[in-house]
Protein chains: 2
Amino acid sequence: MTATPNPPATPPLPGAADDWLRLDQQICFSLHAASRAFNGVYRVVLKDLGLTYPQYLVMLVLWEHGTLPVKKLGEHLRLDSGTLSPLLKRLETAGLVRRERSARDERSVEVRPTEEGAALRERAREVPRRILAATGFEGEEVRFLSARLHELTTALDRAAAGGA
Amino acid sequence: MTATPNPPATPPLPGAADDWLRLDQQICFSLHAASRAFNGVYRVVLKDLGLTYPQYLVMLVLWEHGTLPVKKLGEHLRLDSGTLSPLLKRLETAGLVRRERSARDERSVEVRPTEEGAALRERAREVPRRILAATGFEGEEVRFLSARLHELTTALDRAAAGGA
DNA sequence: CGCAATTGAATTGCGCGCAACCAAATGGCC
DNA sequence: GGCCATTTGGTTGCGCGCAATTCAATTGCG
């Protein structure tokens, strides 16, 4: 399955290029697919809670830090207002958070979990265990993988920001 | 940064649950963030080619396998027609592929790279090297990470399909 | 003080990912 | 041949994710 018969036309670089391309395909596919597969499992597990995966991420941050302005929320999650604003509006409609303009800085919007939102934390306690079970990995492996992915993200962000 | 002062209210499970939750946050965040970070780097690198990341994935498959029906493309990429149909339509508009109903099975639509689409392969040869450089990882590490992510995807897909 | 620059959210537009639904073609069965 | 389930793509609807724009509030600077 991993054997290319021969590049049919115009290879301006030596054969090694094809190896790069194959490697690229690997990491391309595997990361993309893993991300979507994770999303799928979270979708199933979170259905009971009425949360999507990104909404769950938001609630995780709010459970840990309490009330936060949209800006801070975005920094934790690497998301901007273009993504967060409608998402938070939906969470508010669902009765899980409240959004109110800060008194001392009218530009800022404070996001605060409601009673219901805070209560949801208890129902969410089962989630991590079920996710870990779905991975079939040991906690140690997950931790390791996590660390690697974090390194990767840091490097990629630097590269993207640094121009190329 | 990873120190929770103390769970303020109603923990029905012993403290270990908080560790699960933290671990979940880790893998949650790291995978999600890594996926988006990768997407961001690809966005930059692929801009010259006029391709998005998923479009690049489609072209990779077509470059390797030649003409394929939409169904097969979807199997390679784990994507369904809901995603592929509009994407392929855009690739066709861009002049990179042609779509034509199969003669012997009118249900099937064959996707074939055009001359221009095939030619794009040469311009894409630089991409993998630039991506790998952006990761700051060695080829070996990438290979390893890829393999792990592939395992992860397989496990997660099984779990999602298997009901839980 | 007044005015420009900056900041924080919201909005718009577009592409992806997926579920749900639909239509046409095919193949099996009587 | 007629009737059915299955297969294959397409369409719709909704929720991200991100770039670009807009707008109000704030800050900084003369």
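Heavy-atom basis, side chains included; hydrogens, waters and symmetry copies ignored. In what follows, every chain begins at residue 1, and chains take the letters A, B, ... in the order their sequences are listed.
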Sequence neighbours excluded, the answer for salt bridge (Lys or Arg N to Asp or Glu O under 4.0 Å) partners of A:R36 is none
To the nearest angstrom, the CG-C1' distance between B:L87 and D:dT11 comes to 16 Å
Those residues at least two apart in sequence (or on a different chain) that pass salt bridge (Lys or Arg N to Asp or Glu O under 4.0 Å) with A:K89 are none
5' to 3', nucleotides 1-13 of chain C under a 4.0 Å protein heavy-atom cut-off (B base, S sugar-phosphate only, - none) gives ------BSBBB--
Rounded to whole Å, CG of A:N39 lies from P of D:dC16 at a distance of 10 Å
If pairing means Watson-Crick or G-U wobble with both distances under 3.5 Å, then the partner of D:dT21 is C:dA10
Separation of D:dC16 atom C1' from B:R43 atom CZ, nearest Å, is 13 Å
In whole angstroms, the gap separating C1' of C:dG15 from CG of B:L91 amounts to 12 Å
Between A:S102 and A:V109, is there a donor-acceptor pair closer than 3.5 Å when you use the side chain of the first and the backbone of the second?
-> no
Rounded to whole Å, the CG-P distance (A:L77 to D:dC18) equals 11 Å
A:R90 CZ to D:dG13 C1', in whole Å, measures 12 Å
Residue set satisfying ring-ring contact (aromatic ring centres under 6.0 Å, His included) with A:F137, at least two apart, ordered chain then number -> none
For residues 70-87 of chain B, the side-chain hydrogen bond (donor to acceptor under 3.5 Å, both in side chains) pairs (sequence neighbours left out) are B:R78-B:D157
Contacts of B:Q55 and B:R104 projected onto DNA chain C by closest heavy atom; the upstream (5') one is B:Q55
Sorted by chain and number, sequence neighbours left out, salt bridge (Lys or Arg N to Asp or Glu O under 4.0 Å) with B:R99 holds for B:E92
CZ of A:R143 to OG of A:S146, rounded to nearest 0.5 Å, is 9.0 Å
Sorted by chain and number, sequence neighbours left out, ring-ring contact (aromatic ring centres under 6.0 Å, His included) with A:H150 holds for none
In numerical order, the residues of residues 149-156 of chain B whose heavy atoms come under 4.0 Å of DNA chain C are none
Taken to the nearest whole Å, NZ/A:K47 to C1'/C:dA20 is 13 Å
Inset, instruction - Using only side-chain N and O atoms of B:H32, determine if any of them is under 4.0 Å from OP1 or OP2 of D:dC16. - result: no
note: A:D157, atom CG; D:dC18, atom P; distance rounded to Å ~ 10 Å
Sorted by chain and residue number, the side chain to side chain donor-acceptor pair (under 3.5 Å) partners of A:D48 (sequence neighbours excluded) come out as none
